[in-house]
Each structure stands twice: as C-alpha cells, then as structure tokens.
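A short write-up of the structure that comes next.
In this chain, residues are counted from 1 in sequence order. Order of listing sets the numbers, starting from 1, for every ligand and every atom in it.
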Amino acid sequence: MRALSDLHTHSSFSFDAEYAPIRMVEGAVKRGLREFCLTDHLDFDRPMTEWNIPDFTAREGQLSVLDGAFPGIRIGRGAEVSMAGRDCARRAEELLSGLELDFVIGSVHTIRGANVWEDAFYEGWSRRDIYRIYLEQIIRSLECFPTLDVLGHYDFVAHYAPYADRSFFYEDAPDLFDEIFRWLLVHGKTLEINSSSWEGDSPWGLDILCRFREMGGHFVTLGSDAHNPGRVGARLEEAAALAEAAGLAVVTYHGHRPQPLQP
Ligand SMILES: [Zn+2]
Ligand SMILES: [Zn+2]
C-alpha cells in the first residue's frame, strides 16, 4: 500500500464543519495516512458581516497537544483561502503573515458574489461556457494572491455542475488550463487533486494532469476536502493513481516547502 497524505480537510474551525480537530486527526489515523493537514476556511470573499476567519490561536492550542500523540502521522497546519480579487487577497495576506502555517490552498468559491455551489450559478450558461468562466476567474485570482502554495480544486465548477456527466476535460479549455499551469510553474506553485469533486462518479482529470506534466509540472498534492472524520482520506488511492499515471509525484508541505512523501 502506498503512503498517503490528505492536505485538504476542515474542522469545527471552518464555518461549514462541526468536528473538532482531534476527531479529524482520528479519522486520518484510522485511514492510515502518513500526512494530514487541517485547512480551515479563511473567507474574505463576502460582505464584512459574513467573513469567515478561523481562530487560529485556539486551533493551535488543540493541535499542539496532539503532536506526537499518534505515532506515524504528521499533523500539518494550513488554511484554505477564498480568492476573489485584490481586496480579499490583501486581507488574507495580512492575516496569514502573522501565522506559522505549513500550507495554504488558494481556491475560487464565488464569482462576482455568486456562489459556485448553487444551482442558480449555472442557469443560462452552457456547460462549456460556465467551466471556462470558472477557470477565467482562477486566472484573475492567482495574480492577486501569490501567497498560495497550491491551487485548490481547479474543478470545483464541475463538482457542483447539474449535468449527468460532469467530467472536466483539458479540451474544454486548453488555452485557459495552459495559462493557469504556466502561472503555477513560473511561481513555483502546484496543483491539487481534490477527490471530493468526483462525488460518486469515476475520477476525471488524467488528461489535465498529463498536460500539467508536459508543461513542466513535477508534483501535486492530494486532498479529500473532508468536513467529517469518515471522509478523511476518501478516494485518495484513486487520486494517487492518477498522479502516478501522469508521471507526477505526490508531495506534502512543511513550512510552505514541498517535501517528498516518505514511503
Ligand atoms: Zn474549497
Ligand atoms: Zn475545502
């Protein structure tokens, strides 16, 4: 069995999750993971009254007593930042500059105030157009938020799309994928394979990962996007197999530095 890492999970320090960090770590231990990282939501992409800002000090208080309590697994500290323009990025960077984290995911969840996870977002658009609109927003967002270590769920739009076949293909937007990959590679960043996007469907993305490799990508991170202990590590064997098939190494991050996963 290959060593596995889950670098995208949420605890009760996220607005949309309710399980304490220890419960999530227990889920990771049960799954036999080598590396685990909590990446609670940090969202400034909404009106000020709705900002989601985790209490990182309180979270650290809970995590520090778990270090070493579970032999064989490393517990990382991270955040998932919603990317949506310069103001949002500036606030996130200010807050992150005072923290010692291992890993920061930059993700697009909203476009001009519209929630990508809601059905209304897809109304009036063709599948191709809406997938492209999402990738175009990623491109605009990356320029504003160079602090990220990895681009989270590039296929978030496919995850919530209301189509019988939601699969995302490189041919849906080759120009936009290339632009995103160029930016990531020039800036020393990488891509995440997010297993939650597939829900119960077959995994997609091999053609996309192969193109990333062809353009010079060497590694990726894996994330389940678990919001409960039972989903920690879910479908990451399949995600790891995709990475391997594309010729990409799976890495973890310590102090914002990619590290090979020890076998
Ligand atoms: Zn997300
Ligand atoms: Zn997430």
Side-chain angles (χ1 to χ4, degrees), residues 5-21 23-25 27-28 31 33 35-46 50-54 56 59 75-85 88-89 92 96 101-111 113-118 121 130-131 133-135 137-142 144-145 147-161 166 168 180 184 189-199 205 220-236 239 252-253:
S5 57
D6 190 344
L7 302 194
H8 189 151
T9 67
H10 298 275
S11 73
S12 50
F13 288 93
S14 291
F15 73 98
D16 60 351
E18 56 187 273
Y19 293 90
R23 298 276 95 82
M24 300 302 286
V25 172
R31 191 76 74 158
L33 301 184
E35 295 267 345
F36 166 81
C37 190
L38 269 183
T39 52
D40 290 302
H41 287 292
L42 178 55
D43 296 345
F44 289 105
D45 64 332
R46 48 197 74 219
E50 296 175 29
W51 286 353
N52 297 307
I53 306 172
F56 285 104
R59 188 182 74 171
I75 303 168
R77 279 73 159 160
E80 179 182 17
V81 174
S82 287
M83 302 190 293
C88 174
L96 292 170
L101 296 181
D102 292 298
F103 186 55
V104 171
I105 302 172
S107 299
V108 170
H109 298 113
T110 59
I111 299 181
N115 295 324
V116 174
W117 64 89
E118 290 177 357
F121 178 74
I130 203 74
Y131 281 17
I133 284 169
Y134 184 77
L135 295 184
Q137 180 65 28
I138 288 178
I139 292 167
R140 282 193 295 272
S141 302
L142 289 173
C144 303
F145 191 61
T147 305
L148 62 84
D149 294 309
V150 68
L151 170 64
H153 50 56
Y154 68 85
D155 51 356
F156 193 67
V157 68
H159 182 179
Y160 292 100
R166 300 174 292 118
F168 210 163
I180 291 168
L184 293 173
K189 316 295 183 182
T190 194
L191 203 58
E192 169 192 81
I193 306 177
N194 188 305
S195 65
S196 76
S197 300
W198 309 323
E199 293 270 357
V220 287
T221 64
L222 309 184
S224 68
D225 221 335
H227 285 62
N228 64 68
R231 274 215 73 255
V232 176
R235 302 195 71 180
L236 293 188
T252 184
Y253 274 72

So that I can check it, does any N, O or S atom in H41 come closer than 2.8 Å to the Zn ion (ligand 2)? no
Close side-chain approach of M83 to D45, heavy-atom, < 4.5 Å: no
N, O or S of H109 under 2.8 Å from the Zn ion (ligand 1): yes
Could you label the plane-to-plane angle of the H109 and W117 rings as parallel, tilted or perpendicular, counting under 30° as parallel and over 60° as perpendicular? perpendicular
Considering only N, O or S atoms, which atom of D225 is nearest to the Zn ion (ligand 2)? OD1
If I consider every N, O or S atom in H8, which one ends up closest to the Zn ion (ligand 2)? I only need its name. NE2
Between OE2 of E80 and NE2 of H153, what angle is found at the Zn ion (ligand 1), rounded to 10 degrees? 100°
According to side-chain contact (heavy atoms from CB on, under 4.5 Å), who are the partners of P54, at least two apart in sequence or on a separate chain? F13, D40, L42, F56
Testing L101, I105, V104, T221 for side-chain contact (heavy atoms from CB on, under 4.5 Å) with Y253, which one passes? T221
Parallel under 30°, tilted from 30 to 60°, perpendicular over 60°: which one fits the rings of F156 and H153? parallel
